[in-house]
Participant: 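Please see the structure below; I have some questions.
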Amino acid sequence: ENSIGSLFFDLNISDNFGVYAIKEGVGSKKILSADFFNDSVWGEIRSGFEFGEKLAANFKSSFPDRFAAIGSLKLGDKSTIQSFFAAMSAILGLDGGFESVALMANKADIAGGVKLDFTLSKNENGAVSLNLKKCFMSMLSYKIAGVEDEILAYSFFESAVDFLIISQDEVKKSFEIKKLHVGGEFLLSKVFVSKLKSKIKNIDIDMALNTVSFNVKGFYESAR
């Protein structure tokens with residue numbers, strides 16, 4: 001028999017990023033984390049994806065400076081989600097990680113973005129993770145195709161809401177969800193918050209910024 005509970009989406013830019021299931025009478029358990037490249041972005045793209053070599057070559061030809069910026073990233077000293085935003089900001093010609101991407105998205109005067117590849121993957125041990133590698137690859141493809149930087153930044157936060165919906169639908173197979181708790185720096189994105197409120201129906205949403213992991217003084221005011 002399915003139990004009743006809630007989901008906590010910890011969307012802080014830290015190692016805690018992930019989804020936690022909270023069941024009545026049981027407690028909380030982390031059920032989903034994030035997966036991204038560990039070392040060389042271009043090396044792992046070339047070796048790990050069927051069309052990785054061609055994609056890397058095309059991006060280098062179209063955006064040599066951004067290609068070099070991505071290639072020079074040192075991902076080992078960052079959390080998974082910090083590494084992703086460092087690489088994503090390089091795609092967009094930025095160098096500020098999450099903060100610069102969110103600020104660009106907030107300033108974008110558009111009604112909707114493109115569909116980024118947000119998928120859940122299982123490893124050999126059965127652990128589930130948000131596959132940010134595929135999301136990154138889809139961003140590279142869109143950029144090569146001529147999609148503007150502001151649209152891509154906007155699209156990430158719009159697609160992140162779809163990730164919440166996918167996650168909750170998957171968890172509903174195991175227990176009834178009465179509430180979603182969402183916290184972290186993602187709430188600094190006006191796009192994310194507005195899409196979350198409009199797309200999540202029939203479930204209570206509790207949102208709180210929580211304690212952020214870096215200095216966003218000033219930026220928070222601009223995002224409210």
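Because only heavy atoms are used, hydrogens play no part in the values below, and waters and symmetry mates are left out as well, while side chains stay in.
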Participant: Quickly, which of Leu94, Ile70, Val101 forms a side chain to side chain contact (heavy atoms under 4.5 Å, CB included) with Met88? Name it, please.
Facilitator: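 With Met88 as partner, side chain to side chain contact (heavy atoms under 4.5 Å, CB included) holds for just one option, Val101.
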Participant: Thinking salt bridges, do Asp162 and Lys195 make one under a 4.0 Å N-O criterion?
Facilitator: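 A salt bridge is absent here (no side-chain N lies under 4.0 Å from a carboxylate O).
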Participant: Out of curiosity, Ile177 CD1 to Asp204 CG, how far, rounded to the nearest 0.5 Å?
Facilitator: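 Between Ile177 CD1 and Asp204 CG, I get 12.5 Å after rounding to 0.5 Å.
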Participant: In the structure I gave you, are the side-chain heavy atoms of Met139 and Asp117 within less than 4.5 Å of one another anywhere?
Facilitator: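 Result no, sub-4.5 Å side-chain heavy-atom pair not found.
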Participant: Go through the steps for Ser121 and Asn131 under the test side chain to side chain donor-acceptor pair (under 3.5 Å), then give the verdict.
Facilitator: CA-CA 6 Å; Ser121 300; Asn131 192 330; 3.1 Å; yes
Participant: Using 0.5 Å steps for rounding, measure from the CG atom of Asn16 to the CD1 atom of Ile81.
Facilitator: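 One finds 12.0 Å between CG of Asn16 and CD1 of Ile81.
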Participant: Under the side-chain contact (heavy atoms from CB on, under 4.5 Å) criterion, do Thr80 and Phe17 qualify, and how do the steps go?
Facilitator: CA-CA 8 Å; Thr80 299; Phe17 178 93; over 6 Å; no
Participant: Is there a side-chain contact between Leu11 and Val182 in this structure, where contact means two heavy atoms from C-beta onward sitting under 4.5 Å apart?
Facilitator: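 Of all side-chain heavy-atom pairs linking Val182 with Leu11, at least one is under 4.5 Å.
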Participant: Taking Val114's backbone N and O only, do any of them form a donor-acceptor pair with Ser155's side chain (distance below 3.5 Å, no angle check)?
Facilitator: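 Flag set: sc Ser155 to bb Val114 pair under 3.5 Å.
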Participant: Do the non-hydrogen side-chain atoms of Val171 and Val19 ever get within less than 4.5 Å of each other?
Facilitator: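 Val171 does not reach Val19 side chain to side chain.
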Participant: Ile151 versus Tyr154: any side-chain heavy-atom pair under 4.5 Å?
Facilitator: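 The answer is no, as the side chains (C-beta and beyond) never meet within the 4.5 Å cut-off.
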Participant: With a 4.5 Å heavy-atom cut-off, do Phe49 and Lys133 have their side chains touching?
Facilitator: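 In contact.
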Participant: For this output row, return yes or no: ring centroids of Phe163 and Phe192 closer than 6.0 angstrom.
Facilitator: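 Not under 6.0 Å, so no.
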Participant: Side chains of Phe136 and Ile45: closer than 4.5 Å at any heavy-atom pair?
Facilitator: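 Side-chain contact under 4.5 Å: yes.
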Participant: Pick out which of Lys178, Gln168, His181, Lys172 makes a side chain to side chain contact (heavy atoms under 4.5 Å, CB included) with Leu7.
Facilitator: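 Answer after filtering Lys178, Gln168, His181, Lys172: Gln168.
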Participant: Does Ser141 reach the side chain of Leu55, with side-chain heavy atoms less than 4.5 Å apart?
Facilitator: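 Sidechains of Leu55 and Ser141: in contact.
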Participant: Tell me whether the rings of Phe67 and Phe59 are parallel (<30°), tilted (30 to 60°) or perpendicular (>60°).
Facilitator: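 Aromatic pair Phe67/Phe59 classed tilted.
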Participant: To the nearest 0.5 Å, what is the distance between NZ (Lys143) and CD (Glu148)?
Facilitator: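 Reported to 0.5 Å precision, the distance equals 7.5 Å.
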Participant: I need the Phe186 CZ to Leu196 CG distance, nearest 0.5 Å.
Facilitator: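 Separation between the atoms: 12.0 Å.
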Participant: Is any side-chain heavy atom of Lys179 closer than 4.5 Å to one of Asp206?
Facilitator: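 Yes. Closest side-chain heavy atoms under 4.5 Å.
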Participant: Could you grab the distance from atom CZ of Phe98 to atom CZ of Phe84, nearest 0.5 Å is fine?
Facilitator: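 Spacing of CZ (Phe98) from CZ (Phe84) equals 11.5 Å.
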